[in-house]
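What follows is a single structure, written as structure tokens, with notes after it.
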Protein chains: 2
Amino acid sequence: MLDQKPNKTEDQHTDLLRQFHLRPTRQRLALADLLFNGPCRHVSAEQLRLETKNKGINMSLATIYNTLNQFTKVGLLHEINLDNNVTYFDTNTDHHHHFFDPKTNKLIDIPRDAISLNALPDAPDGHDVERVDVIIRLS
Amino acid sequence: MLDQKPNKTEDQHTDLLRQFHLRPTRQRLALADLLFNGPCRHVSAEQLRLETKNKGINMSLATIYNTLNQFTKVGLLHEINLDNNVTYFDTNTDHHHHFFDPKTNKLIDIPRDAISLNALPDAPDGHDVERVDVIIRLS
DNA sequence: AACCCTATTTAAAATCGTTCTAAACTGCTT
DNA sequence: AAGCAGTTTAGAACGATTTTAAATAGGGTT
Ligand SMILES: [Mn+2]
Ligand SMILES: [Mn+2]
Ligand SMILES: [Zn+2]
Ligand SMILES: [Zn+2]
């Protein structure tokens with residue numbers, strides 16, 4: 001009775017990938033398993049390389065980058081860049097905010113409605129607001 | 001009558017650098033001139049390399065990085081990292097926010113009090129809030 | 001001024017995260 | 001089974017930044 005959310009099956013991931021016209025290859029399924037089972041994550045390519053390696057899954061780093069970029073392009077992931085010039089991929093694609101601990105480079109989600117942003121300034125001429133990100137930097 | 005803020009003299013920059021125990025070398029004075037005269041800027045090392053080159057100032061890229069990092073350490077600049085894994089240095093060190101145009105990678109300052117952030121969530125246990133950054137991403 | 005010591009600058013190499021290349025492989029349709 | 005496009009791969013390449021170690025230049029002392 002410990003599992004809150006049952007793990008998604010490989011078939012479910014296969015369906016998901018097909019929805020985005022991505023072939024359900026072994027590599028993409030393995031990464032989908034790491035990314036989309038369990039709680040939301042903020043993860044770098046290098047972290048995923050270690051995780052696949054530790055699980056005995058063989059996959060080149062280029063494939064990890066390719067896959068993360070493809071998942072991002074179709075909207076399954078969100079890219080975040082912070083202090084250290086390393087790209088993190090957020091499995092939570094809802095519009096939300098973050099605590100950020102610069103010591104550990106860890107991110108913690110803040111639900112969108114936990115921060116009230118009223119009276120935002122108007123976007124400069126010729127531009128629209130695409131998204132508002134609040135980063136609460138911790139010490 | 002076009003100049004609002006008179007340019008700071010080299011002597012003023014010399015004093016400023018000495019306050020932070022940085023020797024007023026030719027290179028640091030040249031960069032201080034580019035950074036701290038005129039309006040606030042968000043500038044990369046590479047941009048400064050071009051500006052110094054165009055002005056006929058000889059300076060290695062390593063020195064530009066060294067200087068920007070030293071200025072940042074003493075609080076004369078603020079570091080900002082965004083989409084493209086290039087570090088930008090903000091000459092406005094006040095607590096403020098930004099519009100960001102991902103097409104041009106340009107930042108526009110938003111004064112701190114132009115955005116009301118009330119009822120922020122509490123920092124996680126063992127942490128304090130160091131700073132809150134709002135980035136309004138434009139399209 | 002000449003001297004000295006240390007901070008600073010420099011060119012070049014190194015590092016690091018990420019992307020590109022081109023060849024091998026694999027999922028899928030026929 | 002064959003064929004083809006999509007995918008993976010190792011390795012090279014890339015771009016931003018840091019490090020190295022040698023040369024230079026501030027700034028104090030005589
Ligand atoms: Mn990317
Ligand atoms: Mn830095
Ligand atoms: Zn998140
Ligand atoms: Zn700014």
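A note on names: the letters A, B, ... follow the listed sequences, proteins ahead of strands, and every chain is numbered from 1.
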[N] [atom2] sits how many Å from [X] [atom1], rounded?
| X | N | atom1 | atom2 | result |
| --- | --- | --- | --- | --- |
| Met59(B) | dA11(C) | CE | P | 11 Å |
| Asn105(A) | dG17(C) | CG | P | 11 Å |
| Leu61(B) | dT17(D) | CG | P | 9 Å |
| Arg49(B) | dG15(D) | CZ | C1' | 12 Å |
| Lys73(B) | dT18(D) | NZ | C1' | 13 Å |
| Arg28(A) | dT9(D) | CZ | C1' | 14 Å |
| Gln47(B) | dA16(D) | CD | P | 11 Å |
| Leu29(B) | dT8(C) | CG | P | 12 Å |

From C-beta outward on [X], which listed nucleotide comes closest to its side chain: [options]?
| X | options | value |
| --- | --- | --- |
| Asn69(B) | dT18(D), dT9(C), dT26(C) | dT18(D) |
| Tyr65(A) | dA16(D), dT18(C), dG11(D) | dT18(C) |
| Leu22(B) | dT8(C), dT9(D), dG27(C) | dT8(C) |
| Arg23(B) | dT18(C), dG11(D), dA7(C) | dA7(C) |
| Arg26(A) | dT10(C), dT9(C), dG27(C) | dG27(C) |
| Thr87(A) | dT6(C), dA10(D), dT18(C) | dT18(C) |
| Asn66(B) | dG27(C), dA25(D), dT19(D) | dT19(D) |

Going hydrophobic residue to hydrophobic residue with side-chain gaps under 4.5 angstrom, can you get from Ile110(B) over to Leu120(B)?
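Same cluster: Ile110(B) reaches Leu120(B) through Ile, Leu, Val, Met, Phe, Trp or Tyr contacts under 4.5 Å.
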Centroid-centroid distance, Tyr88(B) to Phe100(B), less than 6.0 Å
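So the answer is no for these two rings.
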Between Ala62(B) and Pro24(B), just flag the one whose closest nucleotide in DNA chain D comes earlier from the 5' side.
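Closer to the 5' end of DNA chain D: Ala62(B).
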With nearest nucleotides of DNA chain D determined for Thr63(A) and Ala45(B) from heavy-atom distances, which residue corresponds to the more 5′ nucleotide?
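Residue closer to the 5' terminus by nearest nucleotide: Thr63(A).
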I'd like to know whether [atom1] of [X] has more than 12 heavy-atom contacts from other residues, nucleotides or ligands below 6.0 angstrom.
| X | atom1 | value |
| --- | --- | --- |
| Asp122(A) | CG | no |
| Asn54(A) | CG | yes |
| Asp15(A) | CG | yes |

So if I take residues 77-86 of chain A and measure heavy-atom distances to DNA chain C, which residues fall below 4.0 Å?
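By residue number: Asn85(A), Val86(A).
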Measure the acute angle between the ring planes of His98(A) and His42(A), then classify it against the limits of 30° and 60° as parallel, tilted or perpendicular.
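Correct class here is perpendicular.
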Do Leu76(B) and Leu16(B) pass the side-chain contact (heavy atoms from CB on, under 4.5 Å) test, and can you show the C-alpha distance, the side-chain angles, and the key distance before you say yes or no?
CA-CA 10 Å; Leu76(B) 287 170; Leu16(B) 181 70; 4.0 Å; yes
Is the distance from OP1 or OP2 of dT9(D) to the nearest side-chain N or O of Gln27(A) less than 4.0 Å?
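It does, given that an N or O in the side chain of Gln27(A) lies less than 4.0 Å from OP1 or OP2 of dT9(D).
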Assign Arg18(B) to base, sugar-phosphate, or nothing according to its heavy-atom contacts below 4.0 angstrom with the strands shown.
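Touches sugar-phosphate only.
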Pick base, sugar-phosphate or nothing for Thr25(B), based on heavy-atom distances below 4.0 Å to the nucleic acid.
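Contact class for Thr25(B): sugar-phosphate only.
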Can you check whether Phe89(B) reaches Leu35(B) side chain to side chain, under 4.5 Å on heavy atoms?
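Phe89(B) does not reach Leu35(B) side chain to side chain.
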